[in-house]
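What follows is a single structure, written as structure tokens, with notes after it.
Every chain is numbered from 1 and lettered A, B, ... according to where its sequence line falls, protein lines coming before strand lines.
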Protein chains: 2
Amino acid sequence: MSRSNPRVLSTLERAGGFASAQEVYRLMQREGQKIGLTTVYRSLQSLVNDKIVDVLRRDDGEAIYRLCGETHHHHLVCKSCGETVEIEGGAIEKWALNVAKDHGFREVGHTAEIFGLCSKC
Amino acid sequence: MSRSNPRVLSTLERAGGFASAQEVYRLMQREGQKIGLTTVYRSLQSLVNDKIVDVLRRDDGEAIYRLCGETHHHHLVCKSCGETVEIEGGAIEKWALNVAKDHGFREVGHTAEIFGLCSKC
DNA sequence: TCTGAAATGAAAATGATTTTCATTTCCATG
DNA sequence: CATGGAAATGAAAATCATTTTCATTTCAGA
């Protein structure tokens, strides 16, 4: 297992807390930082595991990494410009737990995303 | 420009109205239908343009195509054995719509999955 | 029958992501 | 100060969905 290279997190922060692995890599290259693409991917993956960043998907399928708070939440994402709003999901939590229990499932988790066109797009 | 091959739509319907291009292609292969992967992609793309199907992204980035208008449902998936239960998601629909409206979003869609360990696992 | 536009699909290209594996860096301990 | 092994690193190759290219086939209409 590998741990996150701190310069990757730092770069993601500087990028506005929202960028793809390729973008983080290119940014670090431009800044003259010596780092391999592999390490960028591994670091971001590790940050996701540690719940320090979230991963979403752009319309073209490229993964974008985004700094997030620690409280569990969901996202409302504009499918055109990518603007993201964090959503509290209390209703969903209960729904997921109830549905799962009804079917005898344990160790329940869930994912939920809302997408659409934001007011600007 | 090309038009959708009707067998592609028919196969997507038969797949439960929810499948990736690769899955549609494999299914048609297994059924002995002669068709190229390229045509499957083109047909699905065309169906998306015509708003006959929606396109979403799976967590791994693969695009999945879903018939529009079909009352859509969600899935409760066992993370050990893969058993899947289809769930009605009335509560989620409302939640997604309300949240999106609150933030001025239009053309709203959503994804939601619940996962856990089923009673057998 | 002829003709051209649309459809088709095999193969190559693309682009993100992952894997492999040899090398380098760290660091605790002798 | 060694030094030995674990963790980190990165270049290159592999993977995989998707798109593009391009030559061929189909088919409707003149």
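With DNA chain C read from its 5' end, the first of the two nearest nucleotides for A/Q22 and B/T39 is the one closest to B/T39. Comparing B/G36 and A/A63, the nucleotide of DNA chain C nearest to each residue sits closer to the 5' end for B/G36.
In terms of phosphate contacts, A/Y41 brings a side-chain nitrogen or oxygen within less than 4.0 Å of OP1 or OP2 of C/dT17. One finds a side-chain N or O of A/N5 lying less than 4.0 angstrom from the OP1 or OP2 phosphate oxygen of D/dT9.
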key: Verdict with supporting geometry, B/T11 and B/R7, side-chain hydrogen bond (donor to acceptor under 3.5 Å, both in side chains)   = CA-CA 6 Å; B/T11 305; B/R7 289 178 295 144; over 6 Å; no

task = Give the intermediate values and the outcome of side-chain hydrogen bond (donor to acceptor under 3.5 Å, both in side chains) for residues A/S46 and A/R42.
result = CA-CA 6 Å; A/S46 163; A/R42 272 193 290 237; over 6 Å; no

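Taking CD of B/Q22 as the reference point, atom OH of B/Y41 lies at 4.0 Å (rounded to 0.5 Å). Rounding to the nearest 0.5 angstrom, the gap separating the NZ atom in A/K120 from the CZ atom in B/F105 is 8.5 Å.
Computed from coordinates, the A/L44 CG to D/dG10 P distance equals 14 Å when rounded to whole Å. Nucleotide C/dT17 holds its C1' atom 16 Å from the CD1 atom of A/I64, rounded to whole Å. Computed from coordinates, the A/Q45 CD to C/dT19 C1' distance equals 14 Å when rounded to whole Å. Atom CZ in B/R26 sits about 7 Å away from atom P in D/dA17, given to the nearest Å. In this structure, A/L37 places its CG atom 15 Å from C1' of D/dT15, rounding to the nearest Å. What separates CZ of A/R3 from P of C/dC26 is a distance of 14 Å, to the nearest Å. Distance, B/Y25 OH to D/dT18 P: 14 Å, rounded to whole Å. For the pair A/Y65 OH and C/dT17 P, the computed distance is 6 Å after rounding to whole Å.
Of the candidate nucleotides C/dA16, C/dT20, D/dT18, D/dT18 has the atom lying nearest to any side-chain atom of B/A21. Nearest nucleotide to the B/E62 side chain, out of D/dA12, D/dA17, D/dT20: D/dA17.
Evaluation of atom-type donor-acceptor distances gives no pair under 3.5 Å for the side chain of B/S20 against the base of D/dA17.
Using a 4.0 Å heavy-atom distance criterion, A/I35 is classed as a sugar-phosphate-only contact.
Using cut-offs of 30° and 60° for the angle between ring planes, the B/H74 and A/W95 rings count as perpendicular.
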